[in-house]
> 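Got a structure for you, questions after.
All heavy atoms count here, side chains included; hydrogens, waters and symmetry mates do not.
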Amino acid sequence: MTMNELMKSLQREHKGHKQLLTLLEGKLARLKQNIPLDFNLLSDAVDYIENYAGRYHHPKEDIIYHYMVDNQLDPHKDFAKIIEEHHKLEQITTQLKTSLQGILLDAITSTSRFVIELEEFIQIHQQHLHKEDTVIFPQIEHKLTEDDWQKILPKIPNQEDDPLFGTKVQAEYLELYHRLTEG
């Protein structure tokens with residue numbers, strides 16, 4: 001794998017995550033209008049984000065980000081902050097997943113509270129992706145040398161293709177995508 005292939009892969013994954021967040025925004029709008037929703041569908045979407053971003057996407061980014069921090073290439077602490085954001089994203093995703101499980105188990109859950117949680121989940125993820133695309137990735141491409149990449153690339157785990165938006169969509173996620181894009 002080359003630096004260009006890795007960066008294109010991360011950007012492609014961001015594009016897919018943005019599409020999913022846009023679809024979730026549509027579901028949020030329906031929820032705000034008191035239109036019934038399939039909460040299993042929302043749960044599947046959050047599971048996808050948790051599983052793919054948490055297990056595959058963020059770990060690849062974190063290897064690069066830690067390299068930037070460890071090699072004094074982070075004078076404004078942008079990379080240190082974005083590493084922290086990955087932890088916050090995990091926490092907010094876990095909280096939303098817990099709320100969804102409560103709804104699915106018919107536990108008493110305030111719909112208005114869930115709307116706020118879902119809205120916050122979407123906004124924080126969108127802001128994070130925007131920051132990476134406009135601030136973090138350009139710095140990586142500008143500051144890292146070929147020598148740096150020769151040290152980084154061997155640490156990157158084997159590429160896991162995005163199971164929802166990648167080149168080979170897995171059947172379980174293809175169904176999720178179709179269900180999300182339905183009215």
Side-chain angles (χ1 to χ4, degrees), residues 9-66 77-137 160-166 169-170 172-183:
S9 170
L10 292 173
Q11 290 165 345
R12 188 173 46 254
E13 291 167 2
H14 278 198
K15 183 179 177 186
H17 288 135
K18 288 177 193 174
Q19 289 175 314
L20 184 58
L21 292 169
T22 298
L23 294 171
L24 286 175
E25 279 182 314
K27 302 305 178 189
L28 176 63
R30 291 175 57 104
L31 191 58
K32 287 181 174 180
Q33 297 169 0
N34 293 321
I35 298 171
L37 284 184
D38 179 353
F39 285 96
N40 283 309
L41 169 66
L42 292 179
S43 181
D44 290 347
V46 173
D47 282 345
Y48 162 79
I49 290 172
E50 177 184 54
N51 289 329
Y52 189 76
R55 291 185 186 162
Y56 301 108
H57 181 77
H58 289 160
K60 290 185 287 189
E61 290 176 333
D62 285 346
I63 289 167
I64 300 167
Y65 300 169
H66 281 289
K77 307 292 185 221
D78 293 329
F79 291 89
K81 290 174 191 169
I82 209 83
I83 291 167
E84 279 302 310
E85 280 185 24
H86 283 173
H87 297 295
K88 290 176 185 171
L89 289 170
E90 284 179 35
Q91 292 170 347
I92 194 169
T93 302
T94 299
Q95 175 57 45
L96 186 64
K97 189 174 174 180
T98 300
S99 295
L100 275 164
Q101 288 171 344
I103 289 169
L104 292 171
L105 294 172
D106 291 325
I108 299 172
T109 303
S110 163
T111 303
S112 60
R113 190 179 117 241
F114 178 74
V115 165
I116 291 168
E117 286 180 14
L118 180 57
E119 194 165 38
E120 183 179 77
F121 173 86
I122 293 168
Q123 287 175 350
I124 289 173
H125 276 81
Q126 287 173 330
Q127 290 166 356
H128 175 79
L129 290 169
H130 179 75
K131 184 176 180 181
E132 284 183 326
D133 289 342
T134 61
V135 176
I136 299 298
F137 286 3
E160 279 290 328
D161 197 25
D162 187 322
L164 181 57
F165 296 105
V169 179
Q170 293 177 9
E172 66 186 286
Y173 290 117
L174 185 60
E175 179 184 340
L176 169 63
Y177 182 79
H178 289 304
R179 287 174 59 205
L180 279 167
T181 57
E182 291 173 353

> Just verifying a value: how many Å separate Thr134 OG1 and Leu129 CG, rounded to the nearest 0.5 Å?
10.5 Å
> Which heavy-atom pair separates Arg30 from Leu37 by the least distance, and what is that distance?
NE-CD2, 3.7 Å
> Do you know the tightest heavy-atom contact between Pro59 and Ala53?
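Reported closest heavy-atom pair: CD-O, 3.7 Å.
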> Could you tell me the separation between the CD atom of Glu61 and the CZ atom of Phe137, rounded to the nearest 0.5 Å?
4.5 Å
> Between Glu117, Glu50, Glu90, which is the residue that forms a salt bridge (charged side-chain N to carboxylate O under 4.0 Å, His left out) with Lys97?
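Result for salt bridge (charged side-chain N to carboxylate O under 4.0 Å, His left out) with Lys97: Glu50.
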> Would you call the rings of Tyr48 and Tyr52 parallel, tilted or perpendicular, taking 30° and 60° as the class edges?
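Geometry flag for Tyr52 against Tyr48: parallel rings.
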> About how many Å separate CG of Leu100 and CG of Leu41, when rounded to the nearest 0.5 Å?
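Here the interatomic distance stands at 10.0 Å.
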> Treating Ser43 as the side-chain partner and Phe39 as the backbone partner, does any N or O pair qualify as donor plus acceptor under 3.5 Å?
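Between the backbone of Phe39 and the side chain of Ser43 there is no qualifying donor-acceptor contact (under 3.5 Å).
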> Decide if the gap between the ring center of His58 and the ring center of His128 is smaller than 6.0 angstrom.
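Judged by ring-centre distance (under 6.0 Å), His58 and His128 do meet the cut-off.
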> Quick one, Leu118 with Ile122, criterion side chain to side chain contact (heavy atoms under 4.5 Å, CB included). Give me CA distance, side-chain angles, the key distance, then yes/no.
CA-CA 6 Å; Leu118 180 57; Ile122 293 168; 4.1 Å; yes
> Report the residue from Lys15, Gln11, Lys18 that forms a side chain to side chain donor-acceptor pair (under 3.5 Å) with Asp133.
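In the set Lys15, Gln11, Lys18, the residue that makes a side chain to side chain donor-acceptor pair (under 3.5 Å) with Asp133 is Lys18.
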> Answer whether the closest heavy-atom distance between the side chains of Glu119 and Lys32 falls below 4.5 Å.
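Glu119 reaches Lys32 side chain to side chain.
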> Test side chain to side chain contact (heavy atoms under 4.5 Å, CB included) on Val135 and Ile82 and set out the steps.
CA-CA 10 Å; Val135 176; Ile82 209 83; over 6 Å; no
> Any chance you could lay out the side chain to side chain contact (heavy atoms under 4.5 Å, CB included) test for Lys131 and Lys81, step after step, and finish with the verdict?
CA-CA 11 Å; Lys131 184 176 180 181; Lys81 290 174 191 169; 4.1 Å; yes
> With rounding to the nearest 0.5 Å, note down the distance linking CD1 in Ile83 to NZ in Lys77.
11.0 Å
> Do you know the tightest heavy-atom contact between Leu89 and Ile92?
O-CG2, 3.3 Å
> Using the side chain to side chain contact (heavy atoms under 4.5 Å, CB included) rule, take Ile64 and Leu10 through it: C-alpha gap first, then chi angles, then the decisive distance, then the call.
CA-CA 11 Å; Ile64 300 167; Leu10 292 173; 4.1 Å; yes
> Roughly how far, to the nearest 0.5 Å, is the NE2 atom of His17 from the NE2 atom of His57?
6.0 Å
> So how far is it from Asp44 CG to Asn51 CG, rounded to the nearest 0.5 Å?
10.5 Å
